[in-house]
Number of protein chains: 2
Amino acid sequence: MAQTSDDKIEPLSSGEENILTLIELFYFAYRDFTGDGDDVLDQYGFGRAHHRVVHFVHHYPGLRVADLLNILKITKQSLARVLKQLVDQDFIIQQEGSKDRRERLLFTTERGNSLAKQLSEPQIKRFEKTIKPLSAEEQVTIKKFLFSLIQQGNRHDVITLMAQNGHSPTGKPALEKPVKTRHYAPNAEITGK
Amino acid sequence: MAQTSDDKIEPLSSGEENILTLIELFYFAYRDFTGDGDDVLDQYGFGRAHHRVVHFVHHYPGLRVADLLNILKITKQSLARVLKQLVDQDFIIQQEGSKDRRERLLFTTERGNSLAKQLSEPQIKRFEKTIKPLSAEEQVTIKKFLFSLIQQGNRHDVITLMAQNGHSPTGKPALEKPVKTRHYAPNAEITGK
DNA sequence: CATTTATGTCAGCTATGTTGACATATTTTG
DNA sequence: CAAAATATGTCAACATAGCTGACATAAATG
């Protein structure tokens, strides 16, 4: 008999079964989390791809196209379609880089800001409900947990990105004084699929 | 000046900015996590949709089609295409329900088991690396965190599903003695998109 | 027996990803 | 300065995985 009739609390007893539980919870959590913006998106005739683009451009103004590609890990073509719609419909504007005039720095317009806020609202609420009851230590545990799930080779990019807003996903001090509206390390790492 | 030059540890100091950091870490973590199976999938000519189906059928043998639809929150048509390929290529078999002969209970074949194991291996490793260094309390924190991100109306389904394998995502004892190879509550809740 | 349920299926559409090739402007380098 | 590298944009074609709505069958249920 593998288990007694009342296995009580069973706080992650052992092995792969518990990991599988976490993996599935992770899947279910993300499944529901990503649905949060859908009502708003429908009103604008946009999809989740637009959500992601608007989110990152809004939160990291001045992002370059290459940065976005590295964040989303999709191809230029795939981004181009979505980005074009957002630019054409005046949610995002592109501005020539002042140091490097090949660059097209991305910024949200007023409309874009409004959309970004509408989209993030339900997601922020979802996380607030989850996070607020927790102690500071528990919150750090979660931050560490999420960060350590990120692919080794991508962690530096995430750190560098977040440093732009003066944040640090590791708990260590942010790398530098944030230089608002500047892009992050151009260490374009080619990743598959 | 909003912040001093060295904000040191800044353990989720306040407000929405920290929530946004968590949200983005969640996104990056899931982005990399879902890529884990891709190499194996490519070898079989399958996609991530196949991965999800094989995973859940393997972990919850005897799942009904309706259960799978409720887990994945996709339409019958969308599942049908993927499921048909898996059945035709002998990764999954369908078995008439003994109590209710309308049901088609789903099981993985030997091939299906093998594929499921290959697919879960890198994901389990990713989670093991993340989880193993943590204390039991921290692990529980993470379980609670993920569970509470799940939509209220879906939590019961998740509990009922996991109870089949004698697990409980909440830490409370699993609902019932698991009755292997049986489906869970048919409380089909219609959700959008 | 009438209704509901579980499943399957037809036809067509949409969103978002892919590849490979190529063009332009600009910066960097030898 | 000329050549090479870089950042971006774009063309064409295609693949995957979602969606809708309608309809069919078999079995269970009232």
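Treat the numbers as computed from the prediction; the structure is a model and nothing was measured. Per chain, numbering begins at 1; letters A, B, ... match sequence-line order.
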Next item on the list: Describe, in one word, how the ring planes of A:Phe33 and B:Phe26 are oriented to each other, choosing from parallel (under 30°), tilted (30 to 60°) and perpendicular (over 60°).
Entry: perpendicular
Next item on the list: Scan A:Gln85 against the nucleic acid and name what it touches under 4.0 Å (heavy atoms): base, sugar-phosphate only, or nothing.
Entry: nothing
Item checked: Rounded interatomic separation in angstrom, taking NZ from A:Lys99 and C1' from C:dT28 -> 13 Å
Next item on the list: Quickly work out the B:Arg64 CZ to C:dG8 C1' distance and round it to whole Å.
Entry: 16 Å
Margin query: When you measure from the side-chain N and O atoms of B:Ser78 to the phosphate of D:dA17, is any distance below 4.0 Å, counting only OP1 and OP2?
Written below: no
Margin query: Checking contacts here: which listed nucleotide (C:dG17, D:dT8, C:dT19) is nearest the side-chain heavy atoms of A:Ile74?
Written below: C:dG17
Item checked: A:Asp88 CG - D:dG9 P separation (whole Å) -> 12 Å
Notebook entry, point to check: Going by modelled atom types, is there a donor-acceptor pair between the base of D:dT8 and the side chain of A:Arg102 at under 3.5 Å?
Noted result: no
Check: Counting any heavy atom closer than 4.0 Å, what does A:Lys76 reach on the DNA or RNA strands: base, sugar-phosphate only, or nothing?
Finding: base
Check: Considering heavy-atom distances to DNA chain C, does B:Arg81 or B:Gln94 have its closest nucleotide positioned more toward the 5' end?
Finding: B:Gln94
Note to self: Could you tell me if the side chain of A:Phe28 sits less than 4.5 Å from the side chain of B:Gln151, heavy atoms only?
What the structure shows: no
Margin query: I need the CD-C1' distance between A:Gln95 and D:dA7, as an integer number of Å.
Written below: 16 Å
Item checked: Short side-chain to backbone donor-acceptor contact, B:Asn165 and B:His167, under 3.5 Å -> no
Check: Roughly how many Å is it from CG in B:Leu41 to P in C:dG17, rounded to a whole number?
Finding: 17 Å
Next item on the list: Report yes if at least one side-chain N or O of B:His50 is closer than 4.0 Å to OP1 or OP2 of D:dT16; otherwise report no.
Entry: no
Notebook entry, point to check: Rounded to whole angstrom units, what separation is found between the CG atom of B:Asp67 and the C1' atom of C:dT5?
Noted result: 14 Å
Check: Between C:dT5 and B:Arg104, is there an OP1 or OP2 to side-chain N/O distance shorter than 4.0 Å?
Finding: no
Item checked: B:Gln77 vs A:Glu96, nearer the 5' end of DNA chain C by closest nucleotide -> B:Gln77
Item checked: Aromatic ring proximity, centroids under 6.0 angstrom, A:Phe127 and B:Tyr27 -> no
Notebook entry, point to check: Roughly how many Å is it from CG in A:Asn70 to P in D:dT6, rounded to a whole number?
Noted result: 15 Å
Notebook entry, point to check: Whole-Å distance between C:dG17 P and A:Arg48 CZ?
Noted result: 11 Å
Notebook entry, point to check: Which one of B:Gln123, B:Glu121, B:Glu128 satisfies the side chain to side chain donor-acceptor pair (under 3.5 Å) criterion with B:Lys125?
Noted result: B:Glu121
